[in-house]
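In what follows, chains carry the letters A, B, and so on, assigned in the order in which the sequence lines appear, proteins first and then strands, with residues in each chain numbered from 1.
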Number of protein chains: 2
Amino acid sequence: MSTAVVSYVVNSGPRPVAPATRQRVLDAMAALGYRPNAAARALRLRRATAIGLVVPDVSNTYFGALARELSDRAFTAGYGLLLGDSNNDPERERAQVESLVDRQVDGLIVLSLEPGSTVELRGTPTVYLDQRSRPGQASIVIDNAGGARTAVEHLVGHGRRRIAHLGGLAGAPGADDRARGWREALARAGLESGADLSVQADYSREGGHAAARDLLSRRPRVDAVFVASDVQALGLLRAARELGISVPQDLAVVSFDGTADAVFSDPPLTAVEQPLARIADAALSAVLGQPPPRGRQQIAVDLVIRRSCGCTE
Amino acid sequence: MSTAVVSYVVNSGPRPVAPATRQRVLDAMAALGYRPNAAARALRLRRATAIGLVVPDVSNTYFGALARELSDRAFTAGYGLLLGDSNNDPERERAQVESLVDRQVDGLIVLSLEPGSTVELRGTPTVYLDQRSRPGQASIVIDNAGGARTAVEHLVGHGRRRIAHLGGLAGAPGADDRARGWREALARAGLESGADLSVQADYSREGGHAAARDLLSRRPRVDAVFVASDVQALGLLRAARELGISVPQDLAVVSFDGTADAVFSDPPLTAVEQPLARIADAALSAVLGQPPPRGRQQIAVDLVIRRSCGCTE
DNA sequence: CTGTTAGCGCGTTCAC
DNA sequence: GTGAACGCGCTAACAG
């Protein structure tokens, strides 16, 4: 038997092999413990059977949950998942993306810190998640502005009037659109959205904590906050406890993401929930499917009511 | 200039190149946008410049934080990180490990659900983290039993006498040794460690919540709990709130991991802290360094005091 | 229709 | 500084 036949057996194609021969090959493979060399295969086929994922911080519950969804689906589809943590550093992000492109990943999914970043993708199908769309590049975004508006409108419905915003850093995934949604909803309700009602921090517990302390000690009359992520909200809850502010009585809170963090905090967080499964599906098929859908695809979000908004006191 | 020279320039070796030539090569690379093909390189060098990581669940803060540390170090060392989420499923874990071995990763780090699992590693340097050692296999473990003992002794020092255990599932990373540490510390203190004082759940908020409800409603006289992970402790805190049990007054709690989850919970969790940076370093050098150190390497842990144990009421 | 031969892809490295 | 062999699997072209 020749190497060609082995190849046909291993790949079930592109040409048929007689059953008897096929079995002989299979036996020989088992006996010798032969496994095809993935590197040689990647070289010949010009594809690595792997996809790349770049996130700002995997230890963040939201990014972790997304990575989990993607890892699961990629594995099922026979792909490996190359993970790059950009460490919240745009420079590192570029480096990670380039490295993944060099590794010939078949697709690249990136949650970018820099809306404007231009890295040479050299033909690698890439999808940006939760980010402004880029010219000629596929991008899947959830309805960040709409979700934020819904959240703020809910707070308005509770009779809150001084609704602050604890947002992500400019350029961070979804941050700008969520800020815009907050502003728009306040405008529609005829409420103030001055710059001093808004603070920014990175998507972390520590960031949320520091920003919330700043906000709450500066503007004691704030009666509600829309927070751009669950992890930041966790920081805010802690700040509130430290300052003797009770949530939701003194301060109603609605956050964004709806991860497990929101369910188990005290109080549990009313949050705009991201449909992770749907996002992961869309991202993978955008990147692996053909033809790669260009342009922007928007996914709807839902507000999930828990205790932090004051609905169920 | 020949392809050989380009190679010498790209790799700064193994042979010297005249500065002028070197510059010409660099210019040409920039002009043509040339990037070496990682697959071809992997084929020639017989190494993928990538390491594999298999965890039970990346969305778990602890595993996520570990993945982050590893991703960071791997990148700095020029390696890619192939992530496999085993979804808390031993079957899936085996499949992930095999897939990574096939991909020729240069090293494999696995947080295994099955202490006894035997997958053919075919020479891939592998290190098991936080797990019983296996014959002939490198393994890095933190001092699970010792950490658990320290935690329990601390609770004993607070005058607690009915100290329960909310542990991980048998076989889960560190679970068995932490359970043993709990039992040993109680025995030394002459306290009861009956089976009805111990419940198990997977490492998740939901698991911890369900198990804690079970435990706390069944044994109302319990006055302290040693929890095997931060995420489970988060579930326990919620159960305690639901049942009107106040922590730490009615119930002192010490958990294990010391992730960001422990810092921002209410109350913040006194926890046995895992030195992630050190663990990541040890794992990487065990897997990449030479010769791959066989046998078991143990890393010490520290108890970090916060509010849940009652030290700072 | 089944099995074999030969060349390709792309860096690396060594003898010249 | 250069030419060429090499690593390993894939597949088109060829032979039986």
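- Atom CZ of A:R278 has 12 or fewer neighbouring heavy atoms from other residues, nucleotides or ligands inside a 6.0 Å radius.
- Partners of B:R22 according to the side-chain contact (heavy atoms from CB on, under 4.5 Å) rule, which considers only residues two or more places apart in sequence or in another chain, are B:V9, B:V17, B:L26.
- Scanning for salt bridge (Lys or Arg N to Asp or Glu O under 4.0 Å) contacts around B:D261 gives A:R205, B:R205, with sequence neighbours left out.
- Within 6.0 Å of atom CD in A:Q23, more than 12 heavy atoms from other residues, nucleotides or ligands are found, so the atom counts as buried in its surroundings.
- A:A39 comes within contact range of no nucleotide atom at all, as no heavy-atom separation falls under 4.0 Å.
- Side-chain atoms of B:Q297 and B:S139 form no donor-acceptor pair, as typed in the model, at a separation below 3.5 Å.
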Seminar exercise, completed: Expected string for nucleotides 9-16 of chain C under the B/S/- scheme (protein heavy atoms, under 4.0 Å, primed atoms plus P, OP1, OP2 as sugar-phosphate) is BBBBBBB-
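- Residues satisfying the side-chain contact (heavy atoms from CB on, under 4.5 Å) criterion with B:A38, sequence neighbours excluded, are A:R103.
- Shown for residues 95-107 of chain A: no residue has heavy atoms falling under 4.0 angstrom of DNA chain D.
- The pair A:R92-A:D85 does not meet the salt-bridge criterion, since no charged nitrogen lies less than 4.0 angstrom from a carboxylate oxygen.
- Under the salt bridge (Lys or Arg N to Asp or Glu O under 4.0 Å) criterion, B:D281 pairs with B:R73, sequence neighbours left out.
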